[in-house]
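None of these values were measured; they are calculated from a predicted model. All values below come from the heavy atoms of this structure, side chains included, with hydrogens, waters and symmetry mates left out. Chain naming here is simple, since letters A, B, ... match the order of the sequence lines and numbering starts at 1 in each.
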Amino acid sequence: MKSVSCSTCLLKSKAAENLEDAELNILGQSCVEVVFQKGETIFKQSALSSNIIYLQSGMVKLIMAGPQRTQILRIKKAPCYLGLPTTMGDKVNHYSAVAVEPTTACFIDIVAFKQLLRLNTDFSNEITIELCKNELEQFHRCVKLVQSHVFGRMAGNLLYFANEIYRSDEYDLPLSRNELADLAYTSRETVSRLLSDLAKEQVIKIQGKHIQIINKTMLQKISEKG
DNA sequence: GCATTAACCACAG
DNA sequence: CTGTGGTTAATGC
């Protein structure tokens, strides 16, 4: 197993910034770095999980097989931790993580991770904060998904990519139309229609996966009124 | 009833 | 993998 030097890592998490040298050694000795290509699965629903994953770079989708179909729970961009709920909460994963672009991930042994949580309270605090923020975001997303119509859901996701993921009103979607449908809980066909309607109304401009938001105020209105 | 919404099916590029 | 058109079931006015 290739040992990783976490102390010199330039892509350290905010939480790991709090670790002492000795603690970083513990981390380095129970941590491996893996590169994933687009479409590769990082961990799978129903499989046993004994690792916490830290995303150094790249982007993933968290997906869960539901009773009807597969749902994208959310898109996560590095840097961030993955699998805290699914590894700490149960023996097996309750959802899968799949890379949607080339991604580098550190696999951290759960025993070492728990040890660090005990040793360093600042580290634990940061982890707790990240988990709490995630929960809040998920609650909002849940309510939005359930209570708004397709236009609102779609607009919300387009804004999410612009504001949270790319921090730009112009970006290349890493997802196919089908995946957008899984994200907004709609059909592939509806996604196509919505996007071309929005383009017709001059709210956005689309060229394949390239999205440009032209009328953001309008898009926000659509997202809110849903 | 009638209109609207959005899913499902089919088919073409 | 996408975009479009037709059909259809559910819901609202």
Side-chain angles (χ1 to χ4, degrees), chain A residues 34-46 55 57-78 82 93-105 137-226:
Chain A
V34 186
V35 174
F36 292 90
Q37 296 310 312
K38 184 180 173 71
E40 287 189 316
T41 299
I42 297 170
F43 58 81
K44 199 170 157 62
Q45 186 171 353
S46 302
L55 277 194
S57 67
M59 205 185 297
V60 302
K61 58 174 177 178
L62 301 182
I63 57 178
M64 184 182 264
Q68 308 293 328
R69 44 183 272 206
T70 295
Q71 173 75 39
I72 295 186
L73 302 169
R74 67 173 299 180
I75 302 293
K76 293 222 77 180
K77 184 186 71 161
L82 288 187
N93 291 317
H94 288 207
Y95 50 88
S96 308
V98 178
V100 295
E101 63 177 41
T103 294
T104 311
E137 275 183 51
Q138 284 305 106
F139 285 169
H140 283 287
R141 202 176 118 71
C142 177
V143 169
K144 179 150 192 56
L145 210 50
V146 169
Q147 298 191 6
S148 46
H149 294 158
V150 268
F151 259 106
R153 304 204 295 270
M154 195 64 218
N157 284 311
L158 291 176
L159 288 169
Y160 177 75
F161 278 108
N163 297 335
E164 311 295 329
I165 304 275
Y166 292 107
R167 304 195 180 285
S168 160
D169 290 350
E170 196 173 351
Y171 51 85
D172 285 303
L173 276 174
L175 305 181
S176 68
R177 303 292 138 117
N178 224 323
E179 290 174 308
L180 283 178
D182 290 341
L183 187 62
Y185 190 56
T186 180
S187 67
R188 181 204 108 236
E189 296 95 319
T190 300
V191 170
S192 282
R193 274 186 256 266
L194 291 176
L195 290 179
S196 44
D197 282 356
L198 288 173
K200 226 174 276 171
E201 300 295 326
Q202 304 279 304
V203 179
I204 59 171
K205 198 185 247 181
I206 39 170
Q207 300 151 49
K209 296 196 171 174
H210 187 79
I211 303 282
Q212 190 183 348
I213 298 175
I214 299 169
N215 189 343
K216 198 164 188 177
T217 318
M218 189 61 193
L219 198 59
Q220 263 153 1
K221 239 177 237 168
I222 295 170
S223 173
E224 284 158 23
K225 290 190 175 177

**Asked** Looking at A:S223 and A:L159, what are the two nearest heavy atoms and their distance?
**Response** CB-CD1, 3.7 Å
**Message:** Pair A:R141, A:N157 - check side-chain contact (heavy atoms from CB on, under 4.5 Å), show working.
**Reply:** CA-CA 10 Å; A:R141 202 176 118 71; A:N157 284 311; 3.6 Å; yes
**Derivation of the side-chain contact (heavy atoms from CB on, under 4.5 Å) call for A:F161 and A:L183** = CA-CA 12 Å; A:F161 278 108; A:L183 187 62; 4.0 Å; yes
**Within-4.5 Å side-chain heavy-atom neighbours: A:I206 and A:I211** = yes
**Message:** With the threshold set at under 4.0 Å for non-hydrogen atoms, list the residues of residues 68-75 of chain A touching DNA chain C in residue-number order.
**Reply:** none
**Within residues 188-200 of chain A or reaching into it, pairs that qualify as side chain to side chain donor-acceptor pair (under 3.5 Å) - sequence neighbours excluded** = A:S187-A:T190
**Request:** Could you list by number each residue of residues 186-199 of chain A showing a heavy-atom separation from DNA chain B of less than 4.0 Å, or answer none if no residue does?
**Result:** A:T186, A:S187, A:E189, A:T190, A:R193
**Item:** Distance in angstrom units between A:R177 CZ and B:dA6 P, rounded
**Value:** 18 Å
**Member of A:K76, A:K144, A:R74 meeting the salt bridge (Lys or Arg N to Asp or Glu O under 4.0 Å) criterion with A:E137** = A:R74
**Request:** With the side chain counted from C-beta on, respond yes when A:R177 and A:L195 share a heavy-atom pair under 4.5 Å apart, and no when they do not.
**Result:** yes
**Asked** With a 4.5 Å heavy-atom cut-off, do A:F36 and A:V98 have their side chains touching?
**Response** no
**Prompt:** What residues form a side chain to side chain contact (heavy atoms under 4.5 Å, CB included) with A:S176, not counting sequence neighbours?
**Reply:** A:N178, A:E179, A:K209
**Prompt:** Taking only N and O in the side chain of A:K209, is any of them less than 4.0 Å away from OP1 or OP2 of C:dC1?
**Reply:** no
**Prompt:** Taking DNA chain B as the partner, which of residues 142-151 of chain A come within under 4.0 angstrom of it by heavy atom?
**Reply:** A:H149, A:V150
**Fill in**
To the nearest angstrom, the OH-C1' distance between A:Y185 and B:dC8 comes to 13 Å
**Prompt:** Can you find a pair of side-chain heavy atoms, one from A:T186 and one from A:F151, that are under 4.5 Å apart?
**Reply:** no
**Message:** Just so I know, are the side chains of A:Q71 and A:D182 near enough to count as touching, which here means a heavy-atom distance under 4.5 Å?
**Reply:** no
**Fill in**
Under a 4.0 Å heavy-atom criterion, the protein footprint on nucleotides 7-13 of chain C, written with B, S and -, is -------
**Prompt:** Any side-chain heavy atom of A:L180 within less than 4.5 Å of one from A:M154?
**Reply:** yes
**Request:** Return the value, rounded to whole Å, for the distance between atom CE of A:M154 and atom P of B:dA7.
**Result:** 12 Å
**Message:** Measuring only between side-chain heavy atoms, which start at C-beta, is A:K216 closer than 4.5 Å to A:N163?
**Reply:** yes
